[in-house]
Amino acid sequence: MPGFGLTMGLTLTWLSVIILIPLAALFLKTFELSLDQFWGIVTSRRTLNALKISFGLSFAAACVNLVMGTIIVWALVRYRFPGRRLFDAIVDVPFALPTAVAGVALTQLFAQKGWLGAPLAELGIKVAFTPIGIFIAMIFIGIPFVVRTVQPVLIDLDPEIEEAAASLGANRWHTVFRVILPSLIPALLTGFALAFARAIGEYGSVIFIAGNLPNVSEIAPLLIVIRLSEFRYADATAIAVVMLVASFLIIFLINRLQRWAQARIPVH
């Protein structure tokens with residue numbers, strides 16, 4: 001292929017400068033710590049609780065986004081209704097909105113005197129400054145990844161497939177669960193992985209609504225920032241390495257599931 005050597009060289013150089021070298025520097029920084037020091041940092045109560053909150057709530061938020069994002073895509077693609085284009089554009093708002101602005105808006109909305117926080121407070125449910133607030137913020141920033149990943153696949157899905165299923169006696173639910181959803185599985189897994197990865201690394205929109213109480217509502221990215229402000233750079237790097245490795249393993253597993261789904265259930 002003409003230009004392969006030049007383009008490959010530029011690709012490897014750019015990826016090395018932007019991704020590989022910073023990641024290598026991150027791992028090299030941890031060598032300032034002994035194995036016992038590293039293990040003590042990553043297994044401390046505060047670090048483990050921060051990692052549990054970040055990964056646990058990110059996974060839960062990605063699961064919610066997977067279900068609700070699929071429903072949103074179905075409504076936007078399969079139906080025609082007034083304001084459809086407006087709602088389609090609203091999906092992209094979390095992409096364009098600065099995360100700090102999103103965090104402030106969500107905090108005001110779910111505060112005890114906010115529009116949604118007040119009625120919830122009457123029911124004994126506190127959202128702002130609790131892990132529930134973190135969960136909502138992660139859903140907010142992750143929903144566009146599922147919608148925009150699944151939407152083009154559903155648009156390209158040939159309607160004749162559904163007509164063929166109906167002509168063979170399948171009812172609407174059989175068509176959805178046995179014809180349409182299997183074709184969407186690779187895209188759904190991709191959207192889930194993107195939403196999950198985005199939620200793990202989210203900082204701006206979460207810290208305003210989280211409360212940031214150690215061992216209660218403190219996320220791992222915030223703990224890293226705290227360690228940096230304390231000039232404990234090696235400690236911050238150790239936590240970051242754990243997050244990086246865990247995120248890579250989870251996303252690698254999801255990508256393998258996606259490839260398995262593509263091999264077993266080709267997209268029509």
Side-chain angles (χ1 to χ4, degrees), residues 48-77 87-88 90-97 99 102-103 105-106 109-110 127-128 130-154 176-177 180-210 217-224 239-240 242-262 265 267:
L48 288 178
N49 286 330
L51 291 173
K52 288 177 182 177
I53 291 172
S54 290
F55 283 95
L57 293 180
S58 295
F59 183 82
C63 290
V64 172
N65 282 330
L66 181 65
V67 176
M68 299 308 301
T70 304
I71 295 174
I72 292 172
V73 170
W74 184 265
L76 293 176
V77 173
F87 285 108
D88 188 57
I90 289 175
V91 172
D92 292 327
V93 169
F95 280 146
L97 195 66
T99 56
L106 290 173
L109 185 63
F110 287 99
V127 176
T130 68
I132 299 176
I134 301 175
F135 177 64
I136 292 176
M138 289 178 172
I139 291 176
F140 176 82
I141 55 95
I143 190 68
F145 291 93
V146 177
V147 174
R148 293 310 180 211
T149 303
V150 178
Q151 189 175 26
V153 179
L154 185 60
V176 170
F177 286 101
I180 298 175
L181 278 182
S183 299
L184 297 179
I185 285 178
L188 290 171
L189 290 174
T190 301
F192 176 86
L194 292 174
F196 177 71
R198 180 70 178 85
I200 289 175
E202 179 57 20
Y203 177 78
S205 63
V206 172
I207 59 172
F208 288 97
I209 197 173
S217 59
E218 184 180 59
I219 58 174
L222 174 61
L223 182 57
I224 293 173
I239 301 171
V242 172
M243 290 191 65
L244 176 64
V245 172
S247 300
F248 176 81
L249 291 176
I250 293 171
I251 294 175
F252 176 78
L253 177 61
I254 294 173
N255 285 336
R256 296 301 301 175
L257 289 173
Q258 180 190 15
R259 291 181 178 274
W260 174 83
Q262 288 176 331
I265 311 170
V267 178

N65 and V147, any side-chain heavy atoms less than 4.5 Å apart: no
N/O donor-acceptor pair under 3.5 Å between Q151 side chain and L154 backbone: no
Exercise: identify the closest heavy-atom pair between A193 and I254: CB-CG2, 3.6 Å
Smallest separation among heavy atoms of A199 and S58, with atom names: C-OG, 3.3 Å
Check against side chain to side chain contact (heavy atoms under 4.5 Å, CB included), L184 and V73: CA-CA 11 Å; L184 297 179; V73 170; over 6 Å; no
Contact summary for G191 and V146, nearest pair of heavy atoms: O-CG2, 3.6 Å
Short side-chain to backbone donor-acceptor contact, T130 and V127, under 3.5 Å: yes
Donor-acceptor pair, side chain of T149 and main chain of T190, under 3.5 angstrom: no
Minimum heavy-atom distance between S205 and A102, given as atom pair plus value: CB-CB, 4.1 Å
Heavy-atom closest pair, residues E218 and I53: O-CD1, 3.7 Å
Flag side-chain contact, heavy atom, 4.5 Å: V153 against S183: no
Heavy atoms from other residues, nucleotides or ligands near CZ of F59 exceed 12 (cutoff 6.0 Å): no
Side chain to side chain contact (heavy atoms under 4.5 Å, CB included) between I72 and I143, intermediate numbers included: CA-CA 10 Å; I72 292 172; I143 190 68; 4.3 Å; yes
Side chain to side chain contact (heavy atoms under 4.5 Å, CB included) assessment of Y203 paired with I224: CA-CA 11 Å; Y203 177 78; I224 293 173; over 6 Å; no
NZ on K52 to CG on L48, rounded to 0.5 Å: 6.0 Å
Verdict with reasoning, V64 to M138, per side chain to side chain contact (heavy atoms under 4.5 Å, CB included): CA-CA 10 Å; V64 172; M138 289 178 172; over 6 Å; no
Plane angle bin for F145 and F95 - parallel if under 30°, tilted between 30 and 60°, otherwise perpendicular: perpendicular
Pairwise distance OG(S247) to CZ(F196) - rounded to 0.5 angstrom: 6.0 Å
Minimum side-chain heavy-atom gap F208-L106 below 4.5 Å: no
Minimum side-chain heavy-atom gap T99-E202 below 4.5 Å: yes
Contact summary for F192 and C63, nearest pair of heavy atoms: CE1-N, 3.6 Å
